[in-house]
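When reading the values below, keep in mind they use all heavy atoms of this one structure, side chains included, and skip hydrogens, waters and symmetry mates. We name chains A, B, ... by the order of the sequence lines, and we start the count at 1 in each one. Just so we're clear, the structure is a prediction, and the values are computed from it rather than from any experiment.
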There are 2 protein chains.
Amino acid sequence: MKKDAEEWINRYVDAYMVVTRQINARLRDIFGEGLTNDQFLILRLIAGQEQCTSTYLAEAVAVGKSSITAIINRLDEAGMIQRTRDENDRRQVYLTMTAHGESVYRTCEKQMQEVISPYLFHFEDDKIEQFIVMFEKLAFLMQDTGGRSN
Amino acid sequence: MKKDAEEWINRYVDAYMVVTRQINARLRDIFGEGLTNDQFLILRLIAGQEQCTSTYLAEAVAVGKSSITAIINRLDEAGMIQRTRDENDRRQVYLTMTAHGESVYRTCEKQMQEVISPYLFHFEDDKIEQFIVMFEKLAFLMQDTGGRSN
DNA sequence: GTGAAACAGTTCTACACGTGAACTATTATC
DNA sequence: GATAATAGTTCACGTGTAGAACTGTTTCAC
């Protein structure tokens, strides 16, 4: 282990805990009854993926497939998404947003922008850019070492 | 809103989602039956705070006090923490770890270090430092604008 | 001093999310 | 054509969250 790794990790975890929990709380508040944070994330992934499947979602959010089914069922009951079976491989179910889902998602996306953007004003542009690039590299590293079944 | 804010936020959210969910999944796996991620976080806060109260925890994790009671109850039943009433102000209940709680927490802390540290090797020291400093500033900003009751 | 307000914490009910194991239906393999 | 692999679902159970109602304690205003 790197010499300063322990201290870095402790500082990272402490800061990350505050930031993520505070952001989550703020999003929870503004989304209100419309959507939970997790549902927002799932819609976001569906929006960004052609022919999105449960398996893809499960890997993307690092969670079992049965959890995805539960979330998808609720979004389905709320009329926000549709399931479409692939006629060539009838095991696959593709998930797409309905017009209503799209509308709710876009609203929440705007609200998210409004909640987060004020914090950006406290930093210089190149600092923000560096921070995000670093975060993206981390994300890339972690995505390539996932894996899980069920 | 800043000109590039929207793009930054989208990139940030996408990366942050991957990183936090992947880290959570890995921690869930190694902690196993011993402790949930949230319980670990709560113990971490208790460890780092003299005379820790439910109210402090609720603010720190940006959650209602009733949620804290639930978590504390489970940790109490598991024999990991103790509640002590303040004799000067009998409304206050101070939370401390038992020896057993301390032991479980330290074990999980080590495991967390081992899970996260490999990723640090992919970055230069000063990059890591800058990243963490930025995160800490963000955390500081967010902490100063919280607030919630119940 | 006493009554009202504020505060710390708990309980209760309801729901969202997570797991893992067992299951259905479909496709691939040999 | 039997067997294995894959995609997704269902079920039972534990955890975390909210919010409202509650207890007990302290503070404050008069």
Restricting to nitrogen or oxygen on both sides, can you table the protein-nucleotides 24-27 of chain C pairs closer than 3.5 Å?
| unit_1 | atom_1 | unit_2 | atom_2 | d |
| --- | --- | --- | --- | --- |
| C:dT26 | O3' | A:Arg90 | N | 3.4 |
| C:dT27 | OP1 | A:Asn88 | O | 3.4 |
| C:dT27 | OP1 | A:Arg90 | N | 2.8 |
| C:dT27 | O4' | A:Arg91 | NE | 3.4 |

Side-chain N or O of [X] less than 4.0 angstrom from OP1 or OP2 on [N]?
| X | N | value |
| --- | --- | --- |
| B:Arg21 | C:dC17 | no |
| B:Thr36 | D:dG14 | no |
| B:Gln92 | D:dT26 | no |

Contact class for [X] (heavy atom, under 4.0 Å): base, sugar-phosphate, or nothing?
| X | answer |
| --- | --- |
| B:Ile68 | nothing |
| A:Thr69 | base |
| A:Ala70 | nothing |
| B:Ser54 | sugar-phosphate |

Rounded to whole angstrom units, what separation is found between the [atom1] atom of [X] and the [atom2] atom of [N]?
| X | N | atom1 | atom2 | value |
| --- | --- | --- | --- | --- |
| A:Ile81 | D:dG8 | CD1 | P | 12 Å |
| B:Arg74 | C:dT10 | CZ | C1' | 14 Å |
| A:Phe31 | C:dA16 | CZ | P | 16 Å |

Parallel, tilted or perpendicular: ring planes of B:Tyr16 versus B:Tyr12, cut at 30 and 60 degrees: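 Parallel.
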Between the first and last five pairs of the helix from C:dG1-D:dC30 to C:dC30-D:dG1, the angle of the axes, rounded to 10 degrees: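 Nearest ten degrees gives 20° for this helix.
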Test salt bridge (Lys or Arg N to Asp or Glu O under 4.0 Å) applied to A:Arg74 and A:Glu77, step by step: CA-CA 5 Å; A:Arg74 283 185 282 265; A:Glu77 284 158 21; over 6 Å; no
Minimum-distance nucleotide to A:Asn73 side chain [options: D:dT17, D:dT10, D:dA7]: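 Nearest nucleotide to the side chain: D:dT10.
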Closest to the A:Lys65 side chain, choosing from D:dG8, D:dA18, C:dG9: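 Shortest atom-to-atom distance from the side chain points to D:dG8.
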Distance-only donor-acceptor test, A:Ser66 side-chain atoms vs C:dG20 base atoms, 3.5 Å: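 Side chain to base: pair present.
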Salt bridge (charged side-chain N to carboxylate O under 4.0 Å, His left out) partners of A:Glu136, counting only residues at least two apart: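 B:Arg11.
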With A:Phe135, the ring pair (Phe, Tyr, Trp, His ring centres under 6.0 Å) member among B:Phe123, B:Trp8, B:Phe135: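 Result for ring pair (Phe, Tyr, Trp, His ring centres under 6.0 Å) with A:Phe135: B:Phe135.
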Main-chain N/O of A:Gln22 paired with A:Arg26 side-chain donor or acceptor, under 3.5 Å: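 Yes.
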